[in-house]
Each structure stands twice: as C-alpha cells, then as structure tokens.
Amino acid sequence: MPQESFDAIVVGAGFGGAACAALLAKRGARVLLLEKNARAGGKAMVVSKNGFTYELWPVIHAPAQESRCVAVLRELGMEGEVDLVFPRVRGAIYIDSSGALRRFPDDPSPDPAKVFDAIGVAPEERERALAVLTELVTMSAADAAALDEVSFAQWLEQRQTPRPVATYLHAIANGVFMVPSDLLAASEAIRTVQEILLRGGGLYCRNGGIGRLAEVYASAVEKFGGRVLYRTRVRKIAVREGRVTGVIADKGAFAAPVVVSNAGLQPTVLRLAGKEHFDRSYVNYVRDLTPSWGMMGVRYFLRPRMLDEPFYMVFSDDAYWTTERWLRAANGDVPERVILWVQVPSAYDSALAPPDRQCVLTGVWCSPDPAAPEAEKEKWWRKVDEMMERVWPGFLGRVYDREPYDVREVSALSREPAFPGVGGECIGLGQVIGQCGRFKPSARAPLSGLFYVGADAEGYGCGTHLAVESGIRVAEQVERFLRLRRALFGTRTAPGARRAPGGRGKGGH
C-alpha cells in the first residue's frame, strides 16, 4: 500500500521537536509531527485538572528577555497566541549556618550589596565577590568557549570565589543543568548563568503554562500545511541502504527522506533506528554519553493559598550537589538539607488555580533510573515534606491533596529507557565536560537523513531554551539537506511514495 509522504517527519513534540517542525513548515517543507502524548510540551507539558493548570514538576525558562522561544514565535507570526510574563528576580531563600532563613531582596534589579547581605558575604570579601561576578557577566563568548574542558567548580575555585557567592552560583547551576558542578563544563555554565544574571529567568505563559509555547509551535505545523498526529507512538525509524525512508508508527507507516527525532539521542540510535545500522564505534560512543540527573518531588494542593512568589530556590552551603555529595546520598547518607526548587503556577496568574487554592510544585535531585527502589523514593519525599514545613511553618497543615512523583513519569512522558539505569533524566544528556561546546554531539546522525533535536544536540542553555535553540539550528540543517536533495534528485518526496492528502506542495528556499 502506498504510504503518505512528507519532506520531513519529526518524532516528538517537545520544545525542540515542535519548534523545529514549525519552522520547517513555515519555510515551505511538508512536515509530519508525531507525538505519543495527547498534547505537546514533553517534559514541560502542562495538565488541567480539578480547576488547576500546572506543569508536572518545576520548570523554569531562561533567559526571560530575548528568549529564543520568542524568536520562534516572531518568525511564525504567532506572538499573539501567548501571554508571556517576565517575573522579577525574587524567591531565592538561603539557609545560613545557624539555620536562619535569609530571603533575597525584593527589588526589580537587586543591589549586589543587598544580595551580599542576604547570603552573608563578609565585608572584606566583597571586592573579590564583585570581581568574580563582573568577570562572569562580562566574559566574551570566545573566552567562555575556551573553557570546554574546565569544570564550573574548578573555575570558581581558581578565582578564590568567596564561599557564599560560590554557593549561590553552584545552586543556580545545579538547577539549570542538573549535573554536579564539578562535572559541569564551565563554558556552558558561564554562558548560560551570564544570560540569567543579565536577562533574568522564569519566562512563563499566563494563558496555559510554559508548555503552551510548545502547543503553539505544534499548531503552526498545521497552519502552514503540515500534519500533526497526537497519541501516535513511533515504533521504528525505517532505514534502507544507509538512509532513512520514514517511520513505522502504531497508526501506520509514513515516508520521508528526513526523520528528526526528539526522542533522545540514545533511544533513537539504540531503539528506534537500531544499532545494527550504525558503526560499532558510534554505538559505543552513544552508549557512553552521560545523561543528566533526574528530578522527583511532590505536587501539593493547598487551601488556602500560602506562597506568594512564582518560583523559589531554597539552598545552603552544604546543600548544593557535587559528585562526592551525590555519591554519599546515593549510598544512603541523606543530607540534612538539599536544594529544593518550588514553583507556584497561580502566582504568575491567579486564573491557573481555583479561588483561594494553590498548586505548589516541588523538585529535588534523584537518579535518572525509572526502576529505583520505592523505599529510596520515600525518603526523598519525606525530605521534601520536612523542608517545606521548615521554610514555611504551617505549610503541611494547608495541604488537602498530595501527589508524590518520580522519574517514571518523566520517562513515560518523554524518552523511554535505551538501557537499564537511564530514561528518567530531567533534561536529556548531561551538560558535562566532554559533551559541551566543541564536544557537543552532532545533530546529524551517520545515517543519511536522520537528525536529532532537543536538549541532546546542537543547542545550549537552560532546559526548554536549550531545546528550542536546538530546534532552530536543526531546522536550518534540515533545510540545507532538502535543498541539496532536490538539486540532486529533482524531487520533493521519497521515490515511489505519494504526497500527503492536502499537501500544499510549496517550494522551499
């Protein structure tokens, strides 16, 4: 039976896949976007339940100003489809050595001296602290790129960064990159933290949560003549004679000379395409790539409301994660304090929750292994309860419903395990030394016509911004591939395949 044929098939409507598919469709390609879930967004998907609209765990988008997400909306001509809010820098809570809570100043542009007061920088250390921050925010892109093989922790140590400032920067890096600071590439960290400090974080959509951005991108595919199928699981990427020919899904087979996978680099190679189609050395390279850590936590539902800020980071000197601290925790030595991320969607817009109620999303680090023992998870959930009550006395007394979650949900929504021990990673591949900058995995696979998109290849930055940056770059690469193919073969579709019904047939650039 003849297959429906497209110029490109995008597997997965996470931020990277949806952005890439939308841009390709806008630029004239016939695109099919396939998503196994009922809506777009991937790990940043939003749900609507019992009058609440919320993400499934804390999600922060940064930078807030001049985001690449907005650049995509602008090209699509769909800026009016979202109501974006750019919150002020607020919500950080530092627990000092005595156990006292120190809240960051509630200023639109915090005075460094007030921040130093909040985190306890001694007067004699302030000149050094200011020098480190100044170097960080003014470093050129070229100088940052030269630090691919230096860890962020090492960079801070080399500058004799005062401990309170180092603690704050470690905490930001832990939340943005989900890898220990002593493994995090300084090149990636400095470039992204620089943007957060200068252009803010926490970009959010009032009308539907941050996942609304991915939903708008996905809707653009059909607006520009493509097709989107939800609740459609891709079973296999079809390969013939060293090049992709389409996909086989649970709703049928579809042909295309290009397949862009937002399912994760490791699952794409080892499961969807199949390692038999790759050189053994490449398969080993893919297996050896390091994923980010996972996130687990509790979704709390409160009556009445209690928290005022949209996002909080609770941290202390002994709470940020290094490899050594993580290994101790993984062996059962749970620290007294851990970094806690807290998000309150209705603090961005009260319409996201019923009157006088509140959904509070919390998150802490965990292993990316979806098969982690239940007892291991329970102790971390109890730690979250303990910290929430410690920071906000009386919090648990307002909770009328409580939903613990773990990385099984992350894995079920996004990438599926390619091999034991992984699959529930919070971001995707870790932004560690050896996987950033000039060592970043290529978005173009050794198989002709196969590309990766999302947090695993080509992009940089914080979570959803990282994925969209990848989507922009991969769309450009796919465009070039299709132009060359048309020049060589004089055809827009796979040989012997028929066009999709209703296809516009517009020419590309």
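Here the closest non-hydrogen pair linking V453 and G471 is CG2-CA, 3.6 Å. The two atoms that bring F152 and L169 nearest to each other are CE2-O, 3.8 Å, heavy atoms only. Of all heavy-atom pairs spanning C462 and T192, the tightest one is N-CG2, 3.9 Å. Contact between L272 and S261 at its shortest, heavy atoms only, is CD1-OG, 4.3 Å. The two residues G211 and V46 come nearest to each other via the heavy atoms N-CG1, 3.8 Å. In this structure, S181 and N174 approach most closely via the heavy-atom pair OG-ND2, 3.6 Å.
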Practice problem: Would you please test Y312 and W392 for side-chain contact (heavy atoms from CB on, under 4.5 Å) and show each step? | Solution: CA-CA 12 Å; Y312 298 86; W392 291 278; 3.7 Å; yes

Practice problem: Could you walk me through whether R402 and W381 pass the side-chain contact (heavy atoms from CB on, under 4.5 Å) test, one step at a time? | Solution: CA-CA 11 Å; R402 176 181 179 275; W381 289 327; 3.8 Å; yes

Quiz prompt | side-chain contact (heavy atoms from CB on, under 4.5 Å) evaluation trace for I119 with F104 | solution = CA-CA 8 Å; I119 58 178; F104 272 45; 3.5 Å; yes

Exercise. Apply side-chain contact (heavy atoms from CB on, under 4.5 Å) to the pair V364 and V384, showing each step before the final yes or no.
Key: CA-CA 8 Å; V364 294; V384 173; 3.9 Å; yes

Self-check item: Test log, rule salt bridge (charged side-chain N to carboxylate O under 4.0 Å, His left out), inputs E409 and K43
Solution: CA-CA 9 Å; E409 291 188 44; K43 296 182 178 72; over 6 Å; no

Quiz prompt | K383/E378 under salt bridge (charged side-chain N to carboxylate O under 4.0 Å, His left out): CA gap, chis, key distance, verdict | solution = CA-CA 9 Å; K383 176 60 65 175; E378 287 288 350; over 6 Å; no

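Atom CZ of R280 has 12 or fewer neighbouring heavy atoms from other residues, nucleotides or ligands inside a 6.0 Å radius.
Applying the side chain to side chain donor-acceptor pair (under 3.5 Å) rule to D456 yields the partners R415; only residues at least two apart in sequence or on another chain are considered.
Under a 3.5 Å cut-off, the side chain of E35 and the backbone N or O of A40 do not form any donor-acceptor pair. Judged by distance alone, the side chain of K440 and the main-chain N or O of G459 form a donor-acceptor pair under 3.5 Å. The backbone N or O of R328 lies less than 3.5 Å from no partner atom in the side chain of D333, so there is not a single donor-acceptor pair. Judged purely by atom type and a 3.5 angstrom limit, S292 uses its side chain to pair as donor or acceptor with the backbone of C426. With hydrogens and angles disregarded, no donor-acceptor distance shorter than 3.5 Å links the side chain of E458 to the backbone of S442. Not one N or O on the side chain of D356 forms a donor-acceptor pair closer than 3.5 Å with the backbone of P304. At least one donor-acceptor pair closer than 3.5 Å links the side chain of E389 to the backbone N or O of G394. Side-chain N or O atoms of E425 include one that pairs as donor or acceptor with a backbone N or O of G423 at under 3.5 Å. Remark: the backbone N or O of G297 is not paired with any side-chain donor or acceptor of K377 at under 3.5 angstrom. A distance-only check finds a donor-acceptor pair linking the side chain of R159 to the backbone of W155 [under 3.5 Å].
Taking the ring centroids of H170 and F315, they lie at or beyond the 6.0 Å cut-off. The ring of W293 has its center no closer than 6.0 angstrom to the ring center of F177.
No side-chain donor from either of Y168 and D317 sits under 3.5 Å from a side-chain acceptor of the other. For the 3.5 Å distance criterion, the side chains of Y460 and E195 qualify, holding a donor opposite an acceptor. Side-chain polar atoms of D96 and S98 form a donor-acceptor pair below 3.5 angstrom. Side-chain contact of D182 with T322: a donor-acceptor pair under 3.5 Å is absent, judged by distance alone.
Comment: R103 does not engage E309 in a salt bridge, judged by the lack of any side-chain N to carboxylate O separation of less than 4.0 angstrom. Using a 4.0 Å cut-off between charged nitrogen and carboxylate oxygen, E215 and R39 count as a salt-bridge pair. A salt bridge does not link R337 to E386: none of the charged side-chain nitrogens sits closer than 4.0 Å to a carboxylate oxygen. Classification of K379 and E376 as a salt-bridged pair holds, one side-chain N sitting under 4.0 Å from a carboxylate O. A salt bridge does not link R231 with D250: every distance from a Lys NZ or Arg NE/NH1/NH2 to an Asp or Glu carboxylate oxygen is 4.0 Å or more.
Once rounded to the nearest 0.5 Å, the distance linking CD of E403 with NZ of K49 reads 4.0 Å. Between D349 atom CG and N207 atom CG the span is 8.5 Å, to the nearest 0.5 Å. Rounded to the nearest 0.5 angstrom, Q358 CD and D308 CG are separated by 8.0 Å. Summarising the geometry, atom OG1 belonging to T464 is positioned 9.5 Å from atom CD1 belonging to I427; distances are rounded to the nearest 0.5 Å. Separation of atoms CG (L136) and CG (L156) is listed at 8.0 Å; rounding is to 0.5 Å. The CD atom of Q431 sits 9.5 Å away from atom CG of L429, with the distance rounded to the nearest 0.5 Å.
The shortest distance between side-chain heavy atoms of L73 and V82 falls below 4.5 Å. For the pair V360/L307, a side-chain contact is recorded, criterion being any heavy-atom separation below 4.5 Å from C-beta on. The shortest distance between side-chain heavy atoms of L413 and L56 falls below 4.5 Å. Side-chain contact between C205 and L84: present, with at least one pair of heavy atoms (C-beta onward) separated by less than 4.5 Å. Under the 4.5 Å side-chain criterion, counting only non-hydrogen atoms from C-beta, V260 is not in contact with V11. With contacts defined as side-chain heavy-atom distances shorter than 4.5 Å, the pair L361/V342 does not qualify. Side-chain contact between S346 and R305 is present, with heavy atoms from C-beta onward closer than 4.5 Å. Side chains of L270 and R287 form a contact here, defined as non-hydrogen atoms less than 4.5 Å apart.
Ring planes of Y54 and F52: perpendicular class, angle over 60° (limits at 30 and 60°). The aromatic rings of Y400 and F301 sit tilted relative to each other, their planes meeting at an angle between 30° and 60°.
Applying the ring pair (Phe, Tyr, Trp, His ring centres under 6.0 Å) test to residues at least two apart or on different chains, the pairs with a partner in residues 401-438 are W57-Y405.
Of the options R212, H61, E55, a side-chain hydrogen bond (donor to acceptor under 3.5 Å, both in side chains) to Y204 is made by E55 and by none of the others. Just one residue in the list D401, T362, D385 forms a side-chain hydrogen bond (donor to acceptor under 3.5 Å, both in side chains) with Y300, and that residue is D385.
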